[in-house]
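Beneath this line is the structure, given in structure tokens, with notes to follow.
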Amino acid sequence: MSQRLHEAHVSDGIVTLSPLHVDDTDAHLAGEDEQLVRRLNGGPGTRAGTEAYFRPCMEQWDTGGPLRAFGVCVGAQSTLAGTIDLRFEMPGLAPGQVDIAYGLYPAWRGQGVATRAVDLVCRYAAAGGTSQAVIQVNPENPGSAAVARRSGFTCTGQLPAADGVPFERCIREL
């Protein structure tokens, strides 16, 4: 992974979360698969589109905005394994809540990386005074639901999304 301009790293010694940067574009595009495209990205990534998303993510870090977009990195080489985002403001969140969204590249799924990343991002959010984390799980994605459960979240019921697909709302006290 590239040299970071921001120093908001969180690590457990195996997984490290670092602010996303446009230098991560190639690794992100190389890791993208049909599952990420369908469940998270909304369409296949392009260099221009990915950079256009990463730049505002970087600006959010610079300005203290409500989005914290991290690269999920693994190992001594800090290999980009996926992304995880915190959103401190969005429809449906109460004061003191943060929304977590994550996606791993295929080579890193099923190894506990997502669970570690969720635990780390919860630690980051709690250190900033957030009291509750929310994960909205697509019921067609049992792997994501398993990550939420392993990370200490309790699923509280389904909510309709804007596109009509219901999401399971999972909550964790921080």
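Predicted model, so just to flag it, every value in this text is computed and none were measured. Counting begins at 1 with the first residue of the sequence.
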Exercise: identify the closest heavy-atom pair between Val22 and Thr25: O-OG1, 2.7 Å
Ignoring hydrogens and geometry beyond distance, is a side-chain donor-acceptor pair present between Thr156 and Arg169 at under 3.5 Å? no
Do the side chains of Val147 and Leu174 join up, straight or via other hydrophobic residues, at under 4.5 Å, putting them in one cluster? no
Show which residues join Leu29 in its hydrophobic cluster (side-chain heavy-atom contacts under 4.5 Å, direct or indirect), or state none. none
Does Arg172 reach the main-chain N or O of Gln132 with its side chain, forming a donor-acceptor pair under 3.5 Å? no
Walk me through whether Ile84 and Ile100 qualify under side-chain contact (heavy atoms from CB on, under 4.5 Å). CA-CA 7 Å; Ile84 189 165; Ile100 300 172; 3.9 Å; yes
Could you tell me whether the side chain of Gln60 and the main chain of Leu67 form a donor-acceptor pair under 3.5 Å? yes
Tell me if a side-chain donor or acceptor on Thr50 pairs with a main-chain N or O of Thr46 at a distance below 3.5 Å. yes
For side-chain contact (heavy atoms from CB on, under 4.5 Å), just list the numbers for Phe70 and Leu86, CA-CA rounded to whole Å, side-chain angles, deciding distance to a tenth of an Å, and then say yes or no. CA-CA 8 Å; Phe70 291 94; Leu86 288 175; 4.2 Å; yes
Tell me, please, which residues at least two apart from Pro106 pass side chain to side chain contact (heavy atoms under 4.5 Å, CB included). Asp33, Arg109
Indicate the atoms forming the closest heavy-atom contact of Leu20 with Met58, along with that distance. O-CG, 3.4 Å
Which atom of Leu104 lies closest to which atom of Ala114, heavy atoms considered: CD1-N, 3.5 Å
Side chain to side chain contact (heavy atoms under 4.5 Å, CB included) partners of Gln136, counting only residues at least two apart: Met90, Asp99, Val134, Phe167
Does the side chain of His28 reach to within under 4.5 Å of the side chain of Thr83, using non-hydrogen atoms? yes
Of all heavy-atom pairs linking Val74 and Val113, the shortest is CG2-CG1, 3.9 Å
Return yes if some donor-acceptor pair links the side-chain N/O of Ser11 with the main-chain N/O of Gly13 below 3.5 Å, else return no. yes
For a quick test of reading the model, state the closest non-hydrogen atom pair linking Ile171 to Gln97 and the distance between them. CD1-NE2, 3.9 Å
Whether Ser131 side chain and Gly96 backbone form a donor-acceptor pair below 3.5 Å: yes
For the student: nearest non-hydrogen atoms of Tyr105 and Glu32, plus distance: CD2-N, 4.0 Å
Taking C-beta and beyond as the side chain, do Pro19 and Phe54 meet within less than 4.5 Å on heavy atoms? no
About how many Å separate SG of Cys73 and NE2 of His9, when rounded to the nearest 0.5 Å? 8.5 Å
Keeping Trp61 on the side-chain end and Ala69 on the backbone end, is there a donor-acceptor pair under 3.5 Å? yes
Backbone of His21 reached by a side-chain donor or acceptor of Asp24 within 3.5 Å: yes
If you apply the rule side-chain contact (heavy atoms from CB on, under 4.5 Å), what do you find for Val118 with Tyr102, and how did you get there? CA-CA 8 Å; Val118 168; Tyr102 47 87; 3.8 Å; yes
Is Val121 linked to Val10 within one hydrophobic cluster, defined over Ile, Leu, Val, Met, Phe, Trp and Tyr using a side-chain heavy-atom separation of less than 4.5 Å? yes
Heavy-atom distance under 4.5 Å between the side chains of Ser18 and Thr16, does that happen here? yes
